[in-house]
Amino acid sequence: MDLQTARDLKQELRTFLDSTSLRPRSDGIGLGVGVTSRPGHYVIAVRGQSEEAVPHDIVEMLRTRTANEIDVRFTGRIEVRPPVILPNVSDKVIVPGPPRRRPVWVGGTRGSKGTGDELKIGASIGHYTVGAGTLGFFARRRSDSAVGIVSNNHVLAAEDRGKYGDEILHPGPADRGQRSKYVIATLDGSYPLLKGGTAGVDCAFALLKDGVPYDPASLQMGQRLKPPSSPEDGQRLVSKIGRTTLRTFGHIKSIELDRIDVYYGIGMIRYAGQVEIESSSPSVFSLSGDSGSLIFGPEGNALALLFATSPIGGAWKSGLTYANPIDTVLKALDVSLLV
Amino acid sequence: MTPASLDHARAAKLTLAGIVDDLPELRGLGIAMLEGGFGVKVNLSCIPRDRTIPTEVDGVPVIVEVVGTITAR
């Protein structure tokens, strides 16, 4: 929904929550206008300090009244932190958030002060209309051996809106990537659709532009990417390099996970056969902007492609991460992993 | 409870699907990776008020976890 609609709806919902029939159970619910990765698209942000503060039946009522255009988070104790002012929003929407760790475009051709200057796994990328996500891995298209990059559909193809030849930027637009300077790839429009898709994946392939230097196998810390393996092999320890949280470590909590309802700007998509990951430390395994990250094992073997998170759950109560198994991604895109 | 083999966990997952499939709170049903074997994992948006989830199915441990609403990142 647009900004004005979101503001009007927020007022309407506040009045609804303040009605005598819902109080005092609704007293712990905060409402706001939530920004999304799609420019100009907003949702109703529903916040509470704990699950108990946001009764499930009230959330379902809000979900119905907003046609699923809500973003529910349990915040825990909220502390005052420096605000982040988003650019390109005319009325200066201020979003309190965690301090940003720089650089946000790791392993890239810009901002990199390492020995190499190549595009690498973990770099900030995005469709020119999307905020920013993560470069998952490099791949070769089977039909013509063309080399490109793989990330999520919602990073490279703007949730099914991307067309053949659309520009992919590095860094992504939210990291000041500009269409005039920073185009590193063009979208292959034959990606699996989210809406009505049957592949059970959130992925897309973009053709790397000629002359863009890249290192397809660098995983930082001297590690190199290795061919895919299956989580069924008993491999539990995993890692990822993401645009927002950089290198994090976790372990696979479950596999072959069905009936997962994931909420996007375009609505809810149900997945089956997914991988669930839990952080190995009190720090989160992933945050917004890490979408598209490659999940890999201790030896560097590719395992899965990160695409979603839950707000709660996990040993540290910091949420769980969800990923498409790598074999389903490679098959859906008809590409092979470059190592 | 002792973790099961992958085949047993898959069979138990199918059985449990028949029990929990109509739960509006269901947010995921999969194979839990446990130390020494496997179990069944049930993810929920919140704990149902009027239903209980079994702690084991055919000798396979069932792990229940509240995960809230999952969003693309």
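Below, chain A is the first sequence line, B the second, and so on; all start at residue 1.
Between chain B and the options A:Gly292, A:Ser286, A:Gly313, A:Ala272, the largest number of non-hydrogen pairs under 4.5 Å is found for A:Gly313.
For a residue to count as touching a neighbouring chain, one of its non-hydrogen atoms must lie under 4.5 Å from one of that chain's; by this rule A:Tyr271 does not touch chain B. Only the backbone of B:Leu23 comes within contact range of chain A, with at least one heavy atom under 4.5 Å from a heavy atom of that chain. Using a 4.5 Å cut-off between heavy atoms, A:Asp290 touches chain B through its backbone atoms (N, CA, C, O) alone. For A:Gln274, no part lies under 4.5 angstrom from a heavy atom of chain B. Contacts between B:Leu34 and chain A at a heavy-atom distance below 4.5 Å involve the backbone alone (N, CA, C, O). Interface remark: A:Leu320 contributes side-chain atoms only to the contact with chain B (heavy atom separation under 4.5 Å).
A donor and an acceptor atom, one from each side chain of A:Thr321 and A:Lys240, are nowhere located under 3.5 Å apart.
Between B:Arg51 and B:Glu25, none of the side-chain N atoms (NZ, or NE/NH1/NH2) sits under 4.0 Å from a carboxylate O, so this pair counts as no salt bridge. Using a 4.0 Å cut-off between a side-chain N of Lys or Arg and a carboxylate O of Asp or Glu, A:Lys195 and A:Glu159 do not qualify as a salt bridge. By the 4.0 Å N-to-carboxylate-O rule, A:Arg270 lies close enough to A:Asp261 to be salt-bridged with it.
Interatomic distance, A:Leu194 CG to A:Ile269 CD1, rounded to the nearest 0.5 Å: 5.5 Å.
Enclosure of atom NE2 in A:His251 by more than 12 non-hydrogen atoms of other residues, nucleotides or ligands within 6.0 angstrom is indicated.
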